[in-house]
Structure formats: C-alpha cells, structure tokens
2 protein chains.
Amino acid sequence: MLETVTPMKTAEASDALPETARKGDAEKRGRKASKEVRRLQLIEATIDSLAKRGYAETTMADVADGAGLSRGIVNFHFESKEKLLIATLQHMYDEYSAHWRTSLQKAGDDPARQLQHLVWADFDRSICNKRKLAAWLAFWGEAKSRPTYQALSSSRDAYYQQVFIDLCATLKQSGNYTYDPQVIALALSAMLEGLWLRLMMGTEDTTRETALQAANAFLAAAFPKHFG
Amino acid sequence: MLETVTPMKTAEASDALPETARKGDAEKRGRKASKEVRRLQLIEATIDSLAKRGYAETTMADVADGAGLSRGIVNFHFESKEKLLIATLQHMYDEYSAHWRTSLQKAGDDPARQLQHLVWADFDRSICNKRKLAAWLAFWGEAKSRPTYQALSSSRDAYYQQVFIDLCATLKQSGNYTYDPQVIALALSAMLEGLWLRLMMGTEDTTRETALQAANAFLAAAFPKHFG
DNA sequence: CACCATTTGTTGAACATTCATTCAATATGG
DNA sequence: CCATATTGAATGAATGTTCAACAAATGGTG
C-alpha cells in the first residue's frame, strides 16, 4: 500500500532534486541515503503546499499527505514545523545562490556579459517558475516578523548586491557613465525583484518574456554603450 | 476600566485616520458615528497586528486587544475574520489609490512633472512607512492563494499601469526615445515595487532616501532629455 | 547462509493547545 | 423603555506534537 513507487508530484519538482535523489534507482539504497531522500521529498512537498495554499494554510498534515507519507513523519525527520520551514527556505536559498554563481562563472571575463548573464539567470525556468515564486512570496510575507527567516529570505544577499555594484562600477569606467554605481545597482536589482513580484502575483500583463524585455530595456537605457 | 481615552497605538497610526475619526472629540458622538469609528479603529489595530506579527500570527484576540476592546467585538462589526482582513485590505487600497491620484492632479499638465510626482508619491511618508509596508507585504504573501485578495492586493492596478504607459508614450514622442512605452513602463513600475520590497524587508542599505535616489537615477537614464 | 538482536524508519491514534465563532447577559445612549 | 453596542465565557474545530506499537533493514554470530 505504501511505497507505490512514490512518483514526483509535479514535473517541476524534479528540477530541484540533486542527481543522487532521483527516485527510480535510489529509492531503497539503505538508511543513510533514505534519510536525505526523505528530507528532500518533504521539502518539495512543503514548497508545493506553500505554493498552493500559502504560508498561513500550510499544515503538517498537508505536507505529509503531499509526500504520500503518514502524519507523524515530519516530526521525525525535522524536529518541528518551524524547522521544516527553515530547512525549506534554506534549500531554496542555496539553490538560488548556486544558480547565479554558476551563471556568473559561465559568463567569462567581459563585465557586460557577466551582468547580462546575471540578469538572465533570474528568469531561468529552473529558478523562475510559478511554484517556486509562490513559495518565495509566502516566505517574504512572514520574513519581517520572524527574525529566523530574515537572513535567508531575501534570496539576493549582501554579496550578490556587491557583485552588482562592482559590475556597475566597472562598466561606468569603460563607458564613461556618470551614475553612482551603488545607486544604479540598487535600481537594477530592485527592478529584478519587482519583476519577480509581478510574476509571483500572476498579473496578466507580465510573463517571463515581457519581464526579460523590461530588464533588457533597463540595461540598454542605463548602459547604452554596452547594451545599445 | 475600559475606555481609558483609548490612545493611538503608534504615532504613525494617526496618519491613516480620516479627520472625522480623531479620538479626542469624536469618541462619544453617538451610535451612527461610533459604528464607523469602531470599524476604523479595528482596521488600524489589524494593520498594527499584521505589521508586528505577520499574517499567519494575526489573531482576532490580538486585534481586539490592540484596539482595547473585548474579544467578541470584531465579529459584531465585521462578520468574520476574513471579512475584517478584506476590509483592511480595501482600506489600504483606497488610501493608496487616492494618494497617487491626488499627487497626479497636483502635478499640473507637464507629463515629465506628472511622472516625477507619481514616483515621489510612492515614497511619501504617509504611504511608505514601516507599518504599512509590512502590512502590504503580509497581504501579498497570501494573495496568490486567495482569490478574494488578488484584485486588491496589487496596490498598483491596471489603470495605474496604464497611466504609466501613457506618460511614457508621451515622453517618448517629445524626447525622440526609441523604447517601447509599455516595456519601459513595466520596468519603471517594477522597480518601484522592488524598492518597496527592499524597504519592507528592512534591508540595511535601503532607506526611503536611497530608494528615491535609485528611482531618480532610473528616470535620468531612461528619459535623459527630461530628467537629465 | 541462516538466525536473531538492535538500530532505524514509519505509522496512526491520543493529547494539548490555540483560536474563530456564538450567544446570553449586561451596559449605554436616545 | 427600546434599540444598539459590548462583554466575556462557552463551544467546537483545526492542528502541532508526542508516543507506543509495528516494520524493515542492518550487523554480528554460529
């Protein structure tokens, strides 16, 4: 009855599982593997629930049901509901972090190209899809009143912001722009988050394509010599 | 014991009460007035609670306590918790709407000035303060999973967006810009929301002043002939 | 290999707590 | 005295957590 191959909930879910966690082959690979697999399975179910029901309506029972497991299981793998949510947030944060760092590395040495790739990374399907955006928004809504969430909930951290500032400073020099790099970097990163927000809300007029267009328009306006 | 003058919770709270709701003089002005006064009082207490505890932790008891009234009072003036929250959201939506419309009217006929005033309006203290931003964020976090909230929760509605698009189109003509007005309007309004988001989150490096700087930098970059 | 003891994973019911809602009793203004 | 507003305790539903029982895997031992 239980263990009916445990298929993934949605197609999207699989893009967040590391290769070692694929179900078909690693399902019964012993306790040590299973422990990590279960944790990821529950984290994915938590993201599902957050996306579907929102933070306030996400319940332990719903997460367990979503994972196809019994009620008490979550308190075994995570100690409490709060720790499950923190682990989920950490998971999403790590994924986002790894993603833009990889994108940046792949961009090579040209700063304009690097900035372009950073912007593109934000709208990549693996990061920027309804399910995960909804989960992010659910966390953001609670972050201000929960100190534990604050550090993790602005997926773009201080280091990310610094990378933006440095890139803007470099472009300023090579393009003879007059802006304050710190200010223009803030405008740029804020716009990216704002576009995310629109996608999260599901406003009709904003799709991943139009959001990318808007981001490119900003780059062209702010750095005409590089993105004309 | 009860009715100890019922002072306002925070200094900020008073900026959202219409003039007829000031406590000192209108406190005991009869039933008809009292009804509306009570509703506003409870709505303000709800905003307080949302800002302090977040959506998930906001309880009827907390709202009642915050207003200095008894537990059962909320279900008398509002039918249920959900209706209280909807009324609160509607209140904030109306206030935001009225604010930018007034700002736009005061700007006169020059489109550049109008755009400038719209941007400024977003960072006015009466709209853009910790308490209300936190309450907005709390609603946003739940909006996607609650159809009832969706229409009201993106404080910037379709008409607001259209005003932006029209202004950008006008400026494009008079300045010979090459952008698509719709795209640049999206970039601009998304940046404004993103700046709000940063202020909501309480990121250290973003204050109302730096946010305004960033917004101005965007205008200067996108419309150099008008905001150079 | 077979057998059993031990550790680990899982279940589902019981429990305690929190919270929205109801409502009979009471207070207050007209 | 009537209509309305307000109170605060009672109620019931929802939900996070605990735990005793059960299942499965592991590892040693003959």
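Side chains are part of it too, since the values below use all heavy atoms of this structure and drop only hydrogens, waters and symmetry mates. Each chain gets a letter, A, B and so on, in the order its sequence line appears, and its residues count up from 1. No experiment lies behind these values; they were computed from the predicted model shown.
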Measure from the side chain of [X], starting at C-beta and using heavy atoms only, and say which of [options] lies closest.
X: A/R71; options: C/dT21, C/dG12, D/dT6; result: C/dG12
X: A/L69; options: C/dT21, D/dT7, C/dT11; result: C/dT11
X: A/T59; options: D/dT17, D/dT15, C/dT21; result: D/dT15
X: A/S70; options: D/dG16, C/dC19, C/dT10; result: C/dT10
X: A/K81; options: D/dG16, C/dT10, C/dT21; result: D/dG16

Quiz item: Under a 4.0 Å N-O cut-off, is there an ion pair linking A/R198 with A/E193?
Solution: no
Quiz item: Is it true that A/D62 and A/K52 make a salt bridge, defined as a side-chain N closer than 4.0 Å to a carboxylate O?
Solution: no
Within less than 4.0 Å of OP1 or OP2 of [N], is there a side-chain N or O belonging to [X]?
X: B/S34; N: D/dT4; result: no
X: B/R38; N: D/dT6; result: yes
X: A/K35; N: C/dT8; result: no

Within this structure, what is the [atom1]-to-[atom2] distance between [X] and [N], rounded to whole angstrom?
X: B/Q41; N: D/dA5; atom1: CD; atom2: P; answer: 14 Å
X: A/L42; N: C/dG9; atom1: CG; atom2: C1'; answer: 12 Å
X: B/F76; N: C/dA27; atom1: CZ; atom2: C1'; answer: 13 Å
X: B/E36; N: D/dA5; atom1: CD; atom2: P; answer: 12 Å
X: A/M60; N: C/dT18; atom1: CE; atom2: C1'; answer: 16 Å
X: A/R53; N: D/dT15; atom1: CZ; atom2: P; answer: 9 Å
X: B/F78; N: C/dA20; atom1: CZ; atom2: P; answer: 15 Å
X: A/E57; N: D/dA13; atom1: CD; atom2: C1'; answer: 14 Å

Practice problem: Compare all side-chain heavy atoms of A/K132 with those of A/I127 and state whether any distance is below 4.5 angstrom. | Solution: no
Quiz item: What pairs with B/H117 under ring-ring contact (aromatic ring centres under 6.0 Å, His included), at least two apart in sequence or on another chain?
Solution: B/W120
Quiz prompt | ring-ring contact (aromatic ring centres under 6.0 Å, His included) pairs, two or more places apart, involving residues 146-167 of chain A | solution = A/W100-A/Y159, A/W100-A/Y160, A/F139-A/Y149, A/Y160-A/F164
